[in-house]
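Everything below concerns the one structure shown next.
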Amino acid sequence: MRCLLLLIVVVALSGCDRPSAHSHKQQMYVFGTLVEVIIWTEDEAAATEAMSQLSAQFQHQHQQWHPWEAGELHTFNQQLTTGKPTPTPDSIAPLLQRAIELSVASDGLFDPSLGQLVKLWGFSDNLVNVTQPPDATQLANFIKQAPHITDLEINNGLAQSHNPRLYLDFGGFAKGYAVDRAIETLRQMGFDNAIVNAGGDLRAIGSKGEWPWRIGIRNPRGEGLIASLQISRDESVFTSGDYERFYDYQGKRYHHIIDPRNGYPAEGFSSVTILHHDAATADAAATALLVAGPEQWREVAKKMGLSQVMVITPRGKISMSPAMVKRIRFEVSPEPNINVVDW
Ligand code: AMP
Ligand code: MG
C-alpha cells in the first residue's frame with residue numbers, strides 16, 4: 001500500500017514538473033515589415049532554435065529576392081535586360097515558376113514583370129519619397145510596350161527576355177511564398193501549432209492548445225480591426241490595400257498596386273482579403289483582385305481557385321463571397337451592412 005501511494009505521489013510530481021505548452025513569440029524586421037512568429041509548444045529550446053533558423057531564412061530570402069538591392073534577383077534582372085539567355089539562380093527558379101502560374105491564373109492582373117512601372121510610380125522603395133504621379137506620356141509609352149511575365153522564355157534553366165522593359169518584382173507575392181516556406185520549415189522541425197505573421201498577412205497551423213487561433217483583419221479606413229476570424233487547422237489570410245504605400249496628390253490617392261492594363265494604380269477597392277490554404281496563392285490573389293475591381297473580382301477569384309473573399313470599396317461598401325460570410329466576425333459596432341454576392 002505504501003509503495004502504491006509513493007508511486008502515485010511520484011507520478012503526480014512528475015506531472016507537475018513537465019513544462020506546459022505555451023506561446024513562444026519572436027519578432028523580426030524583414031521584407032520591410034515586422035514578421036512575428038508564434039510557436040505553441042512546451043519545448044522552449046526547440047522553439048528558440050526554430051526562431052533563429054527562420055530569422056536566417058527570412059534574411060537570406062530578403063537579400064536574394066530584393067528587386068533593387070544587390071542580390072541574386074537584382075543581378076538576374078540586369079542580365080535579362082541584355083536579351084541573352086541567362087541561367088535562373090536556384091534561389092529564384094521556384095519563385096519564378098510559381099509566379100508565372102499565378103499570373104496566368106489571374107489573367108495577367110497579377111504580373112511580377114512590372115518592376116520598371118512600379119519604380120516609375122516611386123513605389124520601389126519601402127519609404128515612399130515621391131509626391132506626384134509620373135508623366136502621362138511616359139506611362140502611355142510604357143504601356144504600349146508593356147512586358148508580361150509570359151514574355152520570358154524558359155528552357156533548361158535558361159531564361160530569356162525579349163522585352164527590355166521586363167524587370168521582375170515579386171513584391172506582390174514573395175511574402176506569401178516566404179510564409180509558406182517558413183511553415184514548411186516549422187513542420188520539418190516537428191511543430192504543428194504555429195503562426196507566421198508578416199505584417200498582418202499570415203498562415204496559421206494547428207491551434208493554441210484547446211483554442212483555435214483567432215486573427216484580426218485591419219480596417220482599411222480607420223484604426224484597429226474591422227473583423228476577425230477563427231483559423232481552421234491550416235489556413236492563410238492575406239489582405240492587399242490602398243493604405244499600405246501611397247501618396248495623395250491634388251486630392252487623389254495614388255497607391256502601390258498598379259493595373260497592368262493602363263499603368264495606373266488600381267481603382268475600385270481599398271482592400272481585398274483572401275482566406276485560402278496556401279499563403280503564396282492568397283498573397284498573389286489579394287493583389288490581383290484589388291486590380292480586378294468591382295466588375296471582375298468574382299471571375300478572377302474563381303479562376304484562381306478561391307472561395308473565401310472579402311472586398312471593401314473606398315466608400316466602405318463591403319462585399320463577400322458566401323463562404324467568407326460564414327467565417328467572419330465583425331469587431332466594429334454597429335455591424336456594417338454586407339453584400340453577399342452570388343458565387
Ligand atoms: P501586395 O501588398 O501584396 O498587394 O503587393 C504590392 C506590391 O506588388 C507592390 O509594392 C509592387 O511591388 C507589386 N505590384 C504592384 N502592382 C502589381 C501587379 N499588378 N502585379 C504584381 N505585382 C504588383
Ligand atoms: Mg499580394
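In listed order, ligands and their atoms are each counted from 1. Because the structure is predicted, anything quoted here is derived from the model rather than measured. Positions are given from 1 along the sequence. For the numbers below, each heavy atom of this structure counts, side chains included, while hydrogens, waters and symmetry mates do not.
Through direct or relayed side-chain contacts under 4.5 Å between Ile, Leu, Val, Met, Phe, Trp and Tyr, Ile328 connects to Ile38, Trp40, Ile195, Leu202, Trp213, Ile215, Ile217, Ile226, Leu229, Ile231, Val237, Leu275, Met310, Ile312, Ile318, Met320, Met324, Val325, Phe330, Val332, Ile338, Val340.
Nearest non-hydrogen protein atom to atom 13 (C) of ligand 1 is Gly172 N, 3.8 Å. Distance from atom 15 (C) of ligand 1 to its nearest protein heavy atom, with residue and atom name: His256 O, 3.2 Å. Here the protein heavy atom with the shortest distance to atom 11 (C) of ligand 1 is Asp169 OD2, 3.6 Å.
Taking 2.8 Å as the criterion, Gly172 counts as a coordinating residue of the Mg ion (ligand 2), since one of its N, O or S atoms falls below it. Residue Ser240 does not count as close to the Mg ion (ligand 2), with no N, O or S atom under 2.8 Å.
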Quiz item: Between Ile257 and Val291, does a side chain to side chain contact (heavy atoms under 4.5 Å, CB included) hold up when you go through it step by step?
Solution: CA-CA 7 Å; Ile257 301 169; Val291 174; 3.7 Å; yes
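In summary, Glu331 and Arg329 engage in a salt bridge, as defined by a charged side-chain N under 4.0 Å from a carboxylate O. Salt bridge absent: Glu184 and Arg187 never bring a charged side-chain N and a carboxylate O closer than 4.0 Å.
Atoms of ligand 1 lying under 4.0 Å from any heavy atom of Asp111, numbered from 1 in the order shown and given with element: 18 (C), 20 (N), 21 (C). With ligand atoms numbered from 1 in the order given, ligand 1 contributes 3 (O) to contacts under 4.0 Å with heavy atoms of Asp283. Atoms of ligand 1 found under 4.0 Å from any heavy atom of Glu244 (numbered from 1 in listed order, with element): 2 (O).
Of the listed options Thr287, Leu168, Leu289, Ile258, Thr287 places a heavy atom closest to atom 1 (P) of ligand 1.
Heavy atoms of Leu109 approach ligand 1 to within less than 4.0 angstrom.
In this structure, Tyr177 has its ring center no closer than 6.0 Å to that of Phe170.
Note on Trp68: it does not cluster hydrophobically with Leu120, by side-chain heavy-atom contacts below 4.5 Å among ILVMFWY residues.
Of all the N, O or S atoms in Asp283, the one closest to the Mg ion (ligand 2) is OD1.
The side-chain contact (heavy atoms from CB on, under 4.5 Å) test with Ser271 singles out one residue from Thr239, Asn219, Asp242, and that residue is Thr239. Checking each of Gln230, His277, Arg327 against Glu235 for a side-chain hydrogen bond (donor to acceptor under 3.5 Å, both in side chains) leaves exactly one that passes, namely Arg327.
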